Amino acid sequence: MSRENATLNGVTGQVEFFVGNLITGLQGRQADLVMANILANVLREFARELVAAVAPGGWLVLSGILATEIEAVRREFATVAPGWALESRTMGEWSDLKLVRPE
């Protein structure tokens, strides 16, 4: 679906997609944009791995978070990624969290 969307948006060849697990799939890799649509408990458990996969100046976008759990996720990532900008939104029962790593 992501590759199809890249084609529809005219950015084929300009974007590299990678799918991997939260441990070995992220090791030694950094990206300008890391997206994770996973339940809050998994995001919190793998916070360090997710943060480490973001290149300087890059974004980490987390979604699939219940609105009732966003504050716990936010606290965890604020602790693991001090100095990063954090912004969250809630739409109905779901929330997301965007983190921006300093350059």
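Note that this is a predicted model, so its numbers are computed, not measured. Reckoned from all heavy atoms, side chains included, excluding hydrogens, waters and symmetry mates.
- The local environment of CG in Asn41 is crowded, with over 12 non-hydrogen atoms from other residues, nucleotides or ligands closer than 6.0 Å.
- Counting all heavy atoms, side chain and backbone alike, Ala67 lies closest to Gly92 at CB-O, 4.0 Å.
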Enumerate, atom names and distances included, each donor-acceptor pair closer than 3.5 Å involving a side-chain atom of residues 19-27, sequence neighbours excluded.
residue	atom	partner	partner atom	Å
Asn21	OD1	Ile23	N	2.8
Asn21	OD1	Thr24	N	2.8
Asn21	OD1	Thr24	OG1	3.2
Asn21	OD1	Gly25	N	3.2
Asn21	ND2	Thr24	OG1	2.8

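- No side-chain heavy atom of Asn37 sits under 4.5 Å from any side-chain heavy atom of Met35.
- For the pair Val100 and Trp84, the minimum side-chain heavy-atom distance is 4.5 Å or more.
- In this structure, Leu99 and Leu62 have side chains that are in contact, with non-hydrogen atoms separated by less than 4.5 Å.
- How far CG of Leu50 is from CD of Glu45: 10.5 Å, rounded to the nearest 0.5 Å.
- A distance of 10.5 Å separates CD of Glu4 from CG of Asn9, quoted to the nearest 0.5 Å.
- For the residue pair Arg74 and Ser88, the shortest heavy atom distance occurs at NH1-OG, 3.4 Å.
- Here the straight-line distance linking atom CD1 of Ile38 with atom CD1 of Ile65 works out to 9.5 Å at 0.5 Å rounding.
- Of all non-hydrogen atoms in Glu76 and Ala47, the two that sit nearest each other are CG-CB, 4.0 Å.
- Using modelled atom types, one side-chain atom of Gln30 and one backbone atom of Ala52 make a donor-acceptor pair closer than 3.5 Å.
- Among all heavy-atom pairs drawn from Ser63 and Leu43, the shortest one is O-CD1, 4.1 Å.
- The two residues Glu69 and Ala40 have their closest heavy-atom pair at OE1-CB, 3.4 Å.
- At a threshold of 4.5 Å between side-chain heavy atoms, the hydrophobic network of Ile, Leu, Val, Met, Phe, Trp and Tyr places Trp59 and Ile70 in two separate groups.
- Hydrophobic clustering (ILVMFWY, side-chain heavy atoms < 4.5 Å, transitive): Val51 and Val54 are in one cluster.
- The hydrophobic cluster containing Val15 does not contain Leu60, counting ILVMFWY residues as joined when their side-chain heavy atoms lie under 4.5 angstrom apart, directly or transitively.
- Cluster membership for Leu66 and Val42, using ILVMFWY side-chain heavy atoms within less than 4.5 angstrom, is not shared.
- In the hydrophobic clustering of ILVMFWY residues, with side-chain heavy atoms under 4.5 Å counting as a link, Val61 and Phe77 come out apart.
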